[in-house]
Amino acid sequence: MSKTHEPCTYSIRIKGTLGEQWLSSFAGMLIDLGTDGETCLTGSFVDQAGLYSQLRKIRDLGMELISVYRIETD
Amino acid sequence: MLTRRYNVIMPVPVLSAKLNMPPRRPSSIRRHDLIARLNAGVYHRLTLISAPAGFGKTTVLTDWISELDHPVAWLSLDAAESDPLRFMVYLISALQTIQPVIGQTVLDGMQGSQPPSPEALLTPLLNDIAAIPEKLLLVLDDYHVIDSGVIDALLAALLEYLPPQMHLVIATREDPNLPIARLRARDQLTELRVSDLRFSAQEASDFLRSVMGLDLSLEEIRALEQRTEGWIAGLQLAALSLQGRTDSSEFIRGFTGSHRFVLDYLTEEVLRLQPEAIRRFLLQTSILDDLNASLCDAVTGRNDSQKMLETLERSNLFVIALDHDRQWYRYHHLFAEALRLYLQNMQEESFAELHLRASHWYQGHNRPQEAIRHALASGNSEQAADLIERIWPQMDENYQSGIWFRWVEALPETVIRSRPNLCHGYARCLLYQGDIAGCDIWLQVAWDWLDARADVSGEMHIGDEEQFRQLPASLNCSYAYRALVAGDLEAALEYARQALSFVTEDDHLSFTQSTVFSAIACWSMGELIKADQILTDFIEQMEAGGHPEESYELMTVIGDIRMTVGQLYRTHLAYEHALQLISNGTKSQAYGKEDLYRGLAELNREWGRLELAEEQLSLAEQLGEERVNLPQWHERLYTSWARLKLSRGDTSAALSYLDKAERYQVHSPLPVVRPLAALRARVRIVEGRLDSAQEWARQQKLSADDDITFLKEYSYITLARLLIARYRLVPSSESLQAANRLLERLHGAAEEGARTGSLIEILILRAVLSELQGEHNTALMALQEALSLAEPQNYVQLFVDEGPIMAHLLSEAVSSGTVSDYVDSLLKAFNRPAASLTAIQPLIEPLSERELDVLRLLASDLSGPEIARNLMISLNTMRTHTKNIYSKLSVSSRLSALRRAEELGLL
């Protein structure tokens, strides 16, 4: 199990798919446009503050947050 | 000048735009139900409007409020208000738009270097609000930008103790960390959430048909409503997309069939529909926070932006008017975000280029802060650095070094390093913040650029030639200031001298600074004549040069020095002269008369004209209230009041003024010649509370055998007073000798330093002590010496403050042959009712050694007979002693005797 407060990879799901232009809002993240009308953003964050900052951006764009998962890496 | 640059706390400039409610949208759906709920909710404590962006929070608020009868205070929050003190300043400023005096005392109290905690500020604010007769509302818009537990706690406390006439409204994109559940349970909350704010089917229909003028079927409307889920921003964009089309059903099919994020999909659609000119306009101006015609012209290269903006607003294209004359607009932030994303992908326009054009426009319109913001956003560090460099002197002068500091920090370190002006300014900011180590590092970098011998790598950049020319002088000034802060007076003096040697003709700032620093250093070292000379020359130079106002701030500083040296009349002349100049002056003074009147009051107090002093001090206080004051004003004012009240014998008033003075204490490089704690100890001594005074001496680690330095003179004279008071109580040889030793050394030091004012006080104390010893002739001799020094300057209060014993000595002096009008007038001064209460003696008659022995045993739990046995006296003798003790202490019980004895420090 990874230690707390270390860089982590998170997968964030939002409702709706995103056009190309929106990639720059999420620079540095992998964008997976699902067929089910959801988008999955995967990225590594230096710390929790970085994660919350990204979540706030999502909120401010009016997007609907579906889930946030931490992805364990070995 | 003196205090402006060296005040550690940066006052907050209030942008009035944030206190204005945005004007109503020209065409919007009237949300009757919501407004009815809001109206009903005014009788609760809190209305919370919590929903994501694009649900019309601000729209429904502005619609509601513009029809409300009650006064409303509005505050649009930004992330910067996450600083609790800044938040409080803005909060109070908003409330002051309803009533100008709400919370003014709170604002004033925030000027000290130790500003009170936000919680402590709340009570006086609530009191002010409670005094308002009518219902009022406070609206906090965009609360989600506040990221501070302290502010959350503050608002929770505000809600807890909310006066009934106040109603709080919070609009936010996320639920605030407030006791919402509790308010809900107590039915003190009105909530509008997404489910309330989203358009109902009917509202969607009204909007699409009536407001946007679309001809849609019921099914089509329902489809749109479902696809957007009532998200108002989404519906607006959808409507815009439909406005240009002939075949709405095709669009709706495409839209509802797509999974794309609504904002994404629709922005693209809307943009695609617009004529090329409008699309370019939208994209290019998306980089701006606020738009006006001239700025848009500059950024887009057009000349018809005013028409454009009006068209956009009419078409509901997310352009919102910010003021009623439609000069300034703003994009709805969602739309702006989306636009910016498209802009970044456009090849033709360079993001950076647009920002530079905006920066240029703001520069030309004297809005340097926005110019810098855009320059930084353009990524052109050198451009931004030039602007930041040039604006430093102005921002330093206006207390805005905090903002400036943050801009510099946005620059790459290599850029900062290459610019000596920036290094210097940066170092100053660090010094203001108290980071001496950081300051030293950056001063060194700046210094190395000037030092031909230093080995500096890289190229030097200079954005402001004039500033660079003045750098040798200003850099030395900064070193001098730094030395003062660190207490290294010799170094400060040396650096100030160096600075003066480099000062150029037109560099007033460095000239003033280096002069003042030299004076401060001399003063702190006890070289008062020299300090006086430096400052006097400076004042004359300023006057001769035609800007006397540069020197007004220093007047009472000089006055203080001169009074210590014993030059009362010269001080009076200087004050009157300055007052005359101010009255005749045509330039609007940054510095007013209040401090001069305060100075006059101090002089008149010294001259025994207590009523006049009181009048002048009241006038000073009143004048002070009419203006924004220097940070030190309140501390000085209340200290002067305290001293006046003490001379009047009103010790409790003196103490409460000292409390106030302490609350307003401000850090400055001026030496603290009369510490408030020492003044407080003097009041305690007069009260007879020797225990408190003793505690002060202990805390300050003062002893009668210490070396006397000038800065500590006042404290040691206070200690001497304490020793004399103790001797009066308990005539022990120990306190007598200690007092004598101390007074002798004080005498020597004051004589050596030519401090006649202090010397007179010391001689008076020597006279009093000698008299108490029974050495009458020695007492008279000391008194004569004091009188001969005091007469030329007509000192009165120093004598009167000593009370009956001094009156007695003076009459003795007369009867032993001294003939003098001066002494006669002194004696008359004692008869004034104001004088009779001063220097209350703690005991009419001191306790004898035996009585003290009994008293000490009374403090134990021994019975009367046991005490008598212990002391080997008869019970009767013991009872006599006890009776005398009670009588001398003016008490009637063992318990109160012990209490009084403790107060007097006898146990």
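It should be emphasised that the depicted structure is a prediction, and the values quoted were computed from it without experimental measurement. Here is the naming used below: chain letters follow the sequence lines, and residue numbers restart at 1 for every chain.
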* Which region of B:Leu263, side chain (C-beta onward) or backbone (N, CA, C, O), has a non-hydrogen atom less than 4.5 Å from a non-hydrogen atom of chain A, or is it both or neither? ->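 Both backbone and side chain.
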
* Asked: Does the side chain of A:Lys15 come within less than 4.5 Å of B:Phe261's, by heavy atoms?
  -> no

* Asked: Considering only heavy atoms from C-beta outward, does the side chain of A:Arg59 approach that of B:His144 to under 4.5 Å?
  -> yes

* Step by step, work out the side chain to side chain contact (heavy atoms under 4.5 Å, CB included) result for B:Arg173 and A:Asp60. => CA-CA 8 Å; B:Arg173 284 182 209 158; A:Asp60 283 346; 2.6 Å; yes

* Check whether more than 12 heavy atoms from other residues, nucleotides or ligands sit under 6.0 Å from atom CZ of B:Arg193, and answer yes or no. =>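 For B:Arg193, atom CZ is crowded (more than 12 foreign heavy atoms under 6.0 Å).
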
* Atom pair CE (A:Met63) and CG (B:Leu334), whose distance is rounded to the nearest 0.5 Å -> 9.5 Å

